[in-house]
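Here's the structure we're looking at; comments come further down.
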Number of protein chains: 2
Amino acid sequence: MGITERKEREKEEMRKKIIDVAFDMFLEEGFEGTSLREIAKRIEYSPATIYLYYKDKEALFFDIQKKCFLKLISSYKDAGVPSIKNPFERLRAMGHAYLKFNMKNPQCFNLMFLHNSPMSEFKKTDRMENHGNGVGFLKDTVVECIEKKMIKGDQLELRMEIWGITHGLCTLYVNKSYEAAGITKTQAEELMKNAWENFLARIKT
Amino acid sequence: MGITERKEREKEEMRKKIIDVAFDMFLEEGFEGTSLREIAKRIEYSPATIYLYYKDKEALFFDIQKKCFLKLISSYKDAGVPSIKNPFERLRAMGHAYLKFNMKNPQCFNLMFLHNSPMSEFKKTDRMENHGNGVGFLKDTVVECIEKKMIKGDQLELRMEIWGITHGLCTLYVNKSYEAAGITKTQAEELMKNAWENFLARIKT
DNA sequence: GTGATTTACTGAACAGTGTTCAGTAATTTT
DNA sequence: AAAATTACTGAACACTGTTCAGTAAATCAC
């Protein structure tokens, strides 16, 4: 029977309607600044209706976070990162793509990383799921670089450094910490790219 | 007349009472998780009373943030950083002190950096005030290192890298991102120290 | 010492939040 | 046509930050 099919489709459409509005709002106003009542108003449904599709605000937010991660991943693909055969060049491209994406979408960065709720132990496994892919891909690339003797050092330490510096640069940028150093936005963007290049040049064998 | 003196003292005591309780709560529960009503209950005053001492929640939070920064600065002093004459050794010590402090006080880290409210443009200048000292001190140290040819590269780019990697490592640690890489807490702590040492060894001339 | 004034504080209210649940109206099944 | 399921909502609960009129105490002026 096509009825259950249609119902399923309608349910999915409703989910999409909620997500679309919620995505804009979370991005614009952050987690705490976004109210379910306002989301409900914009999709022209009662607030209670959202609870028929999402357990609570956190569950909805998780789907938005997921969307951000997908955007990030797709930006890697757009930059042609996965198809780069040379692992060192792939690493370079990964770093630049990461910097570029977060400079272009600072709000996404905030949603993905700057919201750690105090509770919900179970959520961690979910968040790891979101992180997981990127982590594995970086690991593989670094390991391949070491195997081909393109960089040298401990695999874990290098990953920590690479992740640390790229993520750290993004954090500084998104927090506008460069302002405290009397640096303009455009300068900061150029600096970030150079910083990553310098770092690469130094770890290269 | 000693009355105004005493009044001033009492006012200061009240402020301290509020801050002490608020500090614990903000640290434990974060900004959004902390309610002024609960703070009021703990100091045994009405919620409205807090507004006689602080304009709003943000203003109170700012003082708490300040306290965190002071703790951080004092940890630098405890580590004897300012008295290290060799600028490269000072840089090394600064990095380790920064890592150590944030590993020991992850909640402080969250309060200091992971809370940027969407509004309050004016607050930025205040936050810069909080940041200011650390920024200048790092700059001086890096410049001195370059002058004495202990490290080489562009001053701004190096500062960005240094700040980026140390801050980035802390961010990863505090967010427990290492869990996504299947690494334990103790391992991560060791890794962070090593990562910083490796970085230093590479920028050294 | 007494009355006026300033100070310190509070109870109650306002507008907002996330969340729950009984109840309703429409749709689908029997 | 009646019964059962589904989709949805209005109203309520318990919270939040914040404001403000009102009160009681401390201080000041005489």
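Numbered from 1 within each chain, the chains take letters A, B, ... in sequence-line order. These numbers were taken from a predicted model, which means no experiment stands behind them.
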Could you state the [atom1]-[atom2] distance from [X] to [N], rounded to the nearest angstrom?
X	N	atom1	atom2	answer
B/Glu38	D/dG17	CD	C1'	15 Å
A/Glu32	C/dT17	CD	C1'	10 Å
A/Asp56	C/dT17	CG	P	17 Å
A/Lys41	C/dA15	NZ	C1'	12 Å
A/Glu10	D/dT5	CD	P	20 Å
A/Phe61	C/dT19	CZ	P	14 Å
A/Ile43	D/dC8	CD1	P	9 Å
B/Leu52	D/dT19	CG	P	12 Å

Grab the N/O contacts between the protein and nucleotides 23-25 of chain C below 3.5 Å, and write none if there aren't any.
none

Hey, are A/Asp63 and A/Lys16 close enough for a salt bridge, meaning a charged N less than 4.0 Å from a carboxylate O? no

Grab the two heavy atoms, one from [X] and one from [Y], that are nearest each other, plus how far apart they are.
X	Y	answer
A/Asp56	A/Tyr51	CA-CE2, 4.0 Å
B/Leu99	B/Cys170	CD2-SG, 3.8 Å
B/Met94	B/Thr141	SD-OG1, 3.9 Å

Could you please name the option among [options] that lies closest to any side-chain atom of [X]?
X	options	value
B/Tyr53	C/dC9, C/dT28, C/dT19	C/dC9
B/Thr49	C/dC9, C/dG18, D/dT18	C/dC9
B/Tyr45	D/dG17, C/dC9, C/dT19	C/dC9
B/Leu36	C/dA8, C/dT27, D/dT18	D/dT18
B/Met14	C/dT17, C/dC9, C/dT19	C/dC9

Can you tell which of A/Val174, A/Leu114, A/Leu111 makes a side chain to side chain contact (heavy atoms under 4.5 Å, CB included) with A/Pro106? A/Val174

Sugar-phosphate, base or nothing in reach of A/Ser35, heavy atoms under 4.0 Å: sugar-phosphate

If you look at every strand shown and take non-hydrogen atoms under 4.0 Å, does A/Tyr54 touch a base, only sugar-phosphate, or nothing? nothing

Please tabulate, one pair per line, each protein N/O and nucleotide N/O from nucleotides 10-12 of chain D that are separated by under 3.5 Å, including the distance.
residue: D/dA12; atom: N6; partner: A/Arg37; partner atom: NH2; Å: 3.3

Just wondering, do A/Trp163 and B/Ser177 contact through their side chains at under 4.5 Å, heavy atoms? yes

For the pair A/Tyr173 and A/Tyr178, name the ring-plane relationship: parallel under 30°, tilted 30 to 60°, perpendicular over 60°. tilted

Parallel under 30°, tilted from 30 to 60°, perpendicular over 60°: which one fits the rings of A/Tyr76 and A/Tyr98? tilted

Under the ring-ring contact (aromatic ring centres under 6.0 Å, His included) criterion, do A/His96 and A/Phe101 qualify, and how do the steps go? CA-CA 8 Å; A/His96 281 302; A/Phe101 179 83; over 10 Å; no

Give the C-alpha distance, both sets of side-chain angles, the deciding distance and a yes or no for side-chain contact (heavy atoms from CB on, under 4.5 Å) between B/Lys193 and B/Lys100. CA-CA 9 Å; B/Lys193 280 191 253 176; B/Lys100 192 178 170 188; over 6 Å; no

